[in-house]
Amino acid sequence: MVAADAVVKRYGRTVALEGVSFDVLAGEVHAVVGENGAGKSTLARILAGATAPDAGEVRRAASVALVPQTLSLVGALTLAEHVALGQGIGQGIGRGLGRGLGRFSAGAARARLADAAARLGAAPPADVPTERLSLPEQQLGELGLALALGARVLIVDEPTSSLGPAEVERLVGALRAVAAGGGAVVLVTHRVGEALGAADRVTVLRGGRRVHHGRVDEFDADTLATHMVGEVPSPAEVTRAAPGAERLVADGVDAGPLRGVHLAARAGEIVGVAGIAGSGQHVLAEVLAGLRAPERGTVAVDGVPITGDPRAAVAAGVAYIPERRADGIVPGLPGSDNAILLATLRDRSLRRRWTGIRDRRAERARARELFERFDVRPRDPALPAGTLSGGNQQKLLVGRELSGTPGVVVAHGPTQGLDLRAATAIRDDLRAAAAGGAAVVVLSTDLDEILTIADRVLVLSAGRITDTFTTDDRPDAARLGRAMAGHPTAESDV
Amino acid sequence: MASVRSLASVRSLRSGGAVAAALLAALVLGGVLLSVAGSDPLDGYDALLTGAFGSRYGLGETLVRALPLALIALGVTPALRAGVFTIGAEGQLAVGALAATATAVGLGGGAPAVLLLPTAAVAGALAGGAWAVLPALLRVRARVNEILSTLLLNYVALALLNYSLRTWLGTSTGDSTLQSDPLPAPAMLPNLLTGTRLHWGVLAAPLAAAALAWWMRTPRGLAYEVLGANPALAARVGVRRGRAVAGAMVVAGAAAGFAGWLKVAGVDGTLYPSVSGGLGFSGVLVALLGGLRPAGILVAALVFGALSAGADGLQIDTGVPASLATVIQGLLLFFVAIGFEARRRRRGVA
Amino acid sequence: MDAELILAGAVRLATPVALAALGEAVVERSGTINLGIEGTMLAGALAGAYGASEAGWGAGVALALGVGVFLGLVTALATLWGRANQLVVGLSITLAATGAATYLYELWRPTGTEAPNIPLAPTVHVPGLRDIPFVGPALFEQSVFSYAAVVLAVALAWSLRRTGAGLALRAAGDDPARAALRGVPVRATRTAALALGGALAALGGAVITVGYLGSFDANVTAGRGYVALAAVIIGRWSPWGALAGAGVFALFDSVAIQSGAAMAVPVEVLTALPYLVTLAVLVVVARGGRGPRALGQALPEDA
Amino acid sequence: ACGSSDEDGSATAATAGGAKPLSVALLTSGLTNDGGFNQWAAQALQKLQSDGRITLQVRQQLSDPNAAEPVLRQFASRRFDLIIGHGIDLSASVLKVAAQFPDVHFATTGDATLEPKLLPNVEGWTYDFGQFGYVAGFVAGTVKDVTNVGIVSGPDIPFVQAGLKGFVAGLASTNPSATTASTFTGEFYSAQKEQEAVRGLVAKGAQLVAANTAEGNGVAPAAQQAGVPTVGAAVAGSAAARQVNITSPNLDFTSVYAGYLDRLKAGTFGKRFETGTLANKQIGIDPVNTAASAGVPADLQAKVDELSAKLSSGELKLPSFS
Ligand SMILES: Nc1ncnc2c1ncn2[C@@H]1O[C@H](COP(=O)(O)OP(=O)(O)OP(=O)(O)O)[C@@H](O)[C@H]1O
Ligand SMILES: Nc1ncnc2c1ncn2[C@@H]1O[C@H](COP(=O)(O)OP(=O)(O)OP(=O)(O)O)[C@@H](O)[C@H]1O
Ligand SMILES: [Mg+2]
Ligand SMILES: [Mg+2]
């Protein structure tokens with residue numbers, strides 16, 4: 001239904017796509033996988049017509065809708081209004097203007113959405129400004145919108161990177177339903193299992209080239225992963241010390257949706273906080289990082305209170321990896337400034353002695369080191385951070401936060417949007433931080449991630465810690481999933 | 001209006017083809033107006049240039065008019081970089097001039113220059129800074145939009161100035177129009193270039209530019225930039241937002257107040273109700289056109305100063321009415337704004 | 001002080017500002033700040049006066065609207081297509097328009113000639129209702145423009161909520177990059193908003209000359225364009241808010257004028273009071289509500 | 001060098017019309033088509049220019065000293081023969097610049113406080129504000145059935161107050177029982193505020209409105225709408241004023257400027273202070289418009305002429321109103 005023929009796209013010296021051909025057929029889900037910066041998002045944009053290729057050709061036999069990696073909902077408008085917006089324009093200037101000045105029917109828009117929702121099997125609220133919807137609601141909303149506006153081909157760019165298992169399942173089901181209904185889906189993803197489970201065919205990109213493509217049954221998880229990133233590194237061996245004293249203690253925290261949350265993390269320990277979207281993870285992460293003052297309760301690092309005091313938190317060595325990457329970088333500043341921001345602001349050795357001026361050479365050297373160590377690509381610290389691919393922005397951010405010797409790490413979805421190699425690397429970094437004596441808290445909706453990394457898992461559900469599991473009684477995923485959804489197994493100790 | 005990030009998108013002011021083209025466009029359009037007004041465009045522009053640079057007097061006039069603009073622009077730059085759009089310079093300059101005048105006149109002619117000059121300068125800067133405290137507090141504590149609060153307080157400052165000149169600070173010589181007593185001679189800044197109004201205070205501009213250049217290269221400069229672009233991140237890395245915002249606003253106010261002192265002690269010699277006369281707003285424009293960088297700001301201030309001084313020459317040599325000179329100034333500004341942007345994009349700065 | 005008089009005077013003083021503020025509210029909803037409205041108002045005041053004296057008040061209004069649209073389009077050309085800084089362009093428009101209005105008026109009426117004869121637009125008297133105490137004269141004995149402002153506010157409020165154009169406008173002002181992804185012609189939308197905003201600002205200026213004064217001088221607008229900008233913010237970017245914001249200023253002006261020498265406070269206190277009260281109002285309304293997210297930002301490259 | 005025979009000769013030649021005209025610059029605080037104070041000055045000089053006695057350059061809207069001083073200085077540095085700063089807000093600037101150019105001749109207007117500050121190269125002029133207001137008040141008092149008079153003034157400053165006091169005295173002379181209500185708009189140029197002030201005064205019972213100091217163009221249109229006549233509105237300022245304004249005092253600068261030119265030729269220019277009055281014909285009175293109101297007495301023009309004559313001759317002496 002959509003086909004690309006030898007498309008090329010360059011951004012300055014970066015070659016994002018180098019002669020990639022691609023096609024997606026009616027009735028199929030076609031996965032596009034590849035490491036960070038491989039060119040997946042660029043291909044998606046070109047297929048949808050949002051970006052023009054420098055060379056090559058794109059043919060579209062049906063209407064295409066793109067659900068970009070960073071969503072495209074206008075925060076001030078409701079989903080119903082988005083439907084009306086989509087109808088009012090995009091039909092030629094003349095008719096568009098005629099419709100634009102006429103009254104739109106909110107009822108009709110809602111009906112179309114409801115119809116699309118039925119096909120998706122999920123109905124996000126249609127009459128709330130989309131900025132107030134949760135992330136999964138927004139993601140489903142985007143899909144529903146595309147269908148409501150008559151798209152037959154959906155191109156979805158990493159829709160699952162911040163969803164919990166139940167939501168991923170629901171979304172994949174929805175995508176399959178679209179394909180089954182005679183449409184087609186292009187699914188950009190990092191998760192090998194997801195690609196194999198949801199798709200009919202797979203295309204693998206690497207460094208802007210198509211390195212492999214074919215039916216899913218030609219692959220198993222390992223070969224696919226190898227195609228994506230070359231040899232998959234196995235987690236580094238880290239000698240873990242026995243957990244030491246409690247370093248981060250949050251006590252009796254009431255904040256927004258949180259009620260009476262108690263959390264203590266010891267030196268050398270990685271505590272996972274599992275919760276579905278909307279459970280209050282975001283607020284908890286901000287409270288733990290000292291960014292948000294709780295209505296009640298305290299947060300302390302090594303006995304020093306940091307409650308609602310970001311400066312105290314920084315001084316106490318709290319590293320923070322926010323859920324939304326946009327909260328953590330300045331896209332217009334060079335990668336180097338972003339990478340060593342904390343050091344620049346705090347480390348006197350990066351200043352000239354008498355004038356207090358920043359020592360650019362020392363800064364650049366340190367930034368290059370960090371780019372190297374955290375594998376940020378391209379290795380050019382002078383490029384504005386905003387031009388890096390999503391995954392490389394994440395690496396940059398994680399690198400900045402972990403490159404000192406943090407005493408406490410609060411990481412919210414630290415590997416979202418990362419390829420296997422990078423995700424593994426970042427998990428290694430988190431483990432290394434713990435081994436170095438830090439108390440690490442990882443909050444995530446991704447059960448696999450939590451189970452891979454955490455020594456101890458807390459389940460956050462509707463603002464309360466409803467369950468805890470220790471390393472010794474590692475639960476199976478099903479049990480944990482139920483707990484996250486608010487149905488803890490009866491025998492678990494709460 | 002939260003975002004002034006786009007402001008920084010107007011970058012530095014090095015010459016370029018686009019700027020030249022913009023100037024040309026403005027000059028051609030202005031030329032058409034000049035011929036409509038019955039004078040030869042070339043004569044007109046010759047007069048404009050001569051007025052601005054053609055004589056010692058014109059040059060002095062250009063510099064003297066660029067001075068307050070440069071100071072206001074340099075002072076407001078940290079705030080603009082932090083995304084705080086304070087446009088209170090108009091009022092801050094007025095209260096600065098008011099305080100400086102009151103100090104100088106109050107201490108009287110008996111006091112020596114070494115006392116009068118610094119005390120009046122400090123009084124001006126302090127008053128200008130103090131005038132920024134209320135909007136700063138309102139912005140930090142009550143989230144009141146600073147564009148509006150500073151704009152509103154400009155009008156209040158002018159009312160205060162008028163009231164003062166009508167009552168306690170009014171001239172004792174019985175003049176009917178509002179003005180203060182003349183400043184005592186030792187309170188006046190000495191002349192730098194005979195035959196012009198240029199005074200020693202003009203050195204304040206390069207000094208302030210150097211200070212800004214230094215500041216921008218310190219970690220604090222980066223912190224403000226981060227604050228402007230991503231307040232959440234700034235908070236996270238320990239930048240105290242309230243302090244930074246309030247500090248920037250007060251510094252901008254102090255710079256404007258200092259410029260008020262320079263205006264009275266360097267040029268006017270008497271405090272008039274019109275002491276700010278749009279300088280505050282032009283100063284913000286100069287900051288923007290200068291790309292929020294010290295060198296760019298100095299150049300932009302000179303361009304503004306030259307335009308204003310040149311317009312006088314234009315009128316007097318060609319008989320073109322003042323109103324037409326204003327139109328040409330507006331056109332120049334308009335096209336220069338477009339030209340800078342075109343040049344910036346051609347150079348591919350993000 | 002006479003409440004009836006103050007109220008009726010406030011409506012008159014508010015009308016020009018309200019019209020300009022309605023236009024500016026639309027412009028800002030689409031994501032642009034137009035600091036050129038002061039100059040546009042003055043240009044409209046002159047165009048209105050000229051058209052009216054040549055061919056009746058209707059012609060004056062039409063000419064003013066035309067001039068306003070022109071200035072709006074020039075602003076759009078510079079800021080949206082030329083991507084120049086909005087604030088600089090706006091102020092340059094004000095500068096040029098102010099100079100041009102003065103210059104053209106002098107060409108039209110050189111020194112020594114008599115002032116032009118400018119016919120006024122009619123005042124609507126609603127018999128009976130105008131005798132209602134306090135609000136009668138304020139509500140039922142006003143220039144056609146006052147009623148036009150209310151009708152416009154209703155129409156704009158409805159269009160913003162209920163029409164495709166309104167949606168496109170809000171989307172363009174909230175998130176131009178995403179709006180563009182969703183098919184909104186961001187530039188065209190913002191351009192249309194600027195044209196409308198220019199027309200209404202110029203109309204506001206024409207109201208001063210053609211609605212009330214019957215004369216022109218270079219000071220007729222006297223900073224009202226900036227007051228309109230303030231009114232938009234006080235009104236939280238809604239059409240009704242713009243009317244209310246204009247009303248706040250006008251009310252204080254009216255009180256100050258009518259109390260005249262009668263009050264024991266210095267005249268400067270009365271001058272400053274509306275600004276201080278507005279500041280106080282701002283403190284109260286500052287929490288909650290938000291302006292268009294993309295307001296004042298340069299157009300993103302891909303929109 | 002003053003008074004040498006050569007110069008006497010050239011002065012004679014000038015009167016004969018053969019000499020090079022003098023270069024004169026006029027700087028005004030408002031616009032010269034304002035129908036009032038500034039227009040009167042510009043018109044008088046334009047007449048001299050068309051007579052070939054001077055070449056004229058005009059700069060307007062220079063009430064702000066920041067704007068005015070550079071312009072003054074430029075004219076001075078170009079050695080204009082006479083530079084006139086017209087308007088009280090220009091006088092301080094003129095004195096300042098004149099001190100720096102002692103060999104260039106300046107003239108300015110102001111109030112009585114100007115006189116002691118004059119320099120050897122500066123002449124000053126003022127007019128009798130009280131007399132000016134008195135004439136307007138006198139006229140207002142003659143209108144039949146007017147018991148309450150509204151007065152609109154601009155800023156509350158001394159010379160405006162002097163005009164106001166003169167007006168009240170004049171009113172009392174013809175209608176001792178009339179009451180007055182007075183409003184200040186706070187600004188010289190704010191037509192819409194003047195309008196509202198007029199409406200307020202009329203609503204409070206004013207049957208006639210006076211424009212004190214003849215500045216704004218808002219008084220007459222509002223008075224026309226409210227159906228009351230005016231006194232003192234600038235007749236050239238708006239069409240409405242031609243209909244509803246009964247009469248207004250005006251200023252005639254012809255003799256003032258002719259005096260400057262004569263003294264420049266004679267080399268005696270400087271440090272002279274003159275006050276315009278009815279007696280020296282520098283204050284005049286517009287012809288009475290009896291159609292402005294039914295209450296205007298038919299013989300008002302005669303009464304005004306008589307008053308003018310009495311004030312001119314000194315038969316009627318007014319107290320000082322300042
Ligand atoms: N607007 C841009 N300007 C400059 N370079 C860009 C731009 N967009 C993408 N690139 C570069 O093109 C390359 C491909 O980027 P793309 O976003 O397609 O990667 P991706 O496969 O989606 O990666 P990720 O998994 O990290 O999202 C990267 O090197 C990126 O830095
Ligand atoms: N201050 C507050 N008062 C009341 N409710 C709040 C407050 N802050 C957030 N909430 C609500 O609490 C719920 C959980 O918010 P939070 O963002 O912490 O969840 P989350 O697990 O991070 O989910 P998501 O992945 O959707 O961001 C949401 O419904 C949110 O609207
Ligand atoms: Mg991507
Ligand atoms: Mg969340």
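Because the structure is predicted, anything quoted here is derived from the model rather than measured. A note on names: the letters A, B, ... follow the listed sequences, proteins ahead of strands, and every chain is numbered from 1.
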Could you go step by step and tell me if D/Y127 and D/F132 meet the ring-ring contact (aromatic ring centres under 6.0 Å, His included) rule?
CA-CA 8 Å; D/Y127 65 100; D/F132 198 86; 5.1 Å; yes

Assess the residue pair B/Y163 and B/W168 against the criterion (ring-ring contact (aromatic ring centres under 6.0 Å, His included)); give the C-alpha distance rounded to whole Å, side-chain angles, the decisive distance to 0.1 Å, and a yes or no.
CA-CA 8 Å; B/Y163 175 76; B/W168 60 277; 8.4 Å; no

Taking atom CG of D/L62 and atom OG of D/S29, what is their separation to the nearest 0.5 Å?
8.5 Å

Distance only, no hydrogens: is a donor on one side chain within 3.5 Å (strictly under) of an acceptor on the other, for B/T270 and B/D268?
no

Should D/E123 and D/K271 count as an ion pair when the cut-off is N to O under 4.0 Å?
no

Where along residues 72-81 of chain D does a heavy atom come under 4.5 Å of chain B, listed by residue number?
D/R73, D/Q74, D/F75, D/R78

Check whether D/Q61 gets within reach of chain B through its side chain, its backbone, both or neither, counting any heavy atom under 4.5 Å.
neither

When you compare the side chain of B/L160 with that of B/V156, does any pair of heavy atoms fall below 4.5 Å?
no

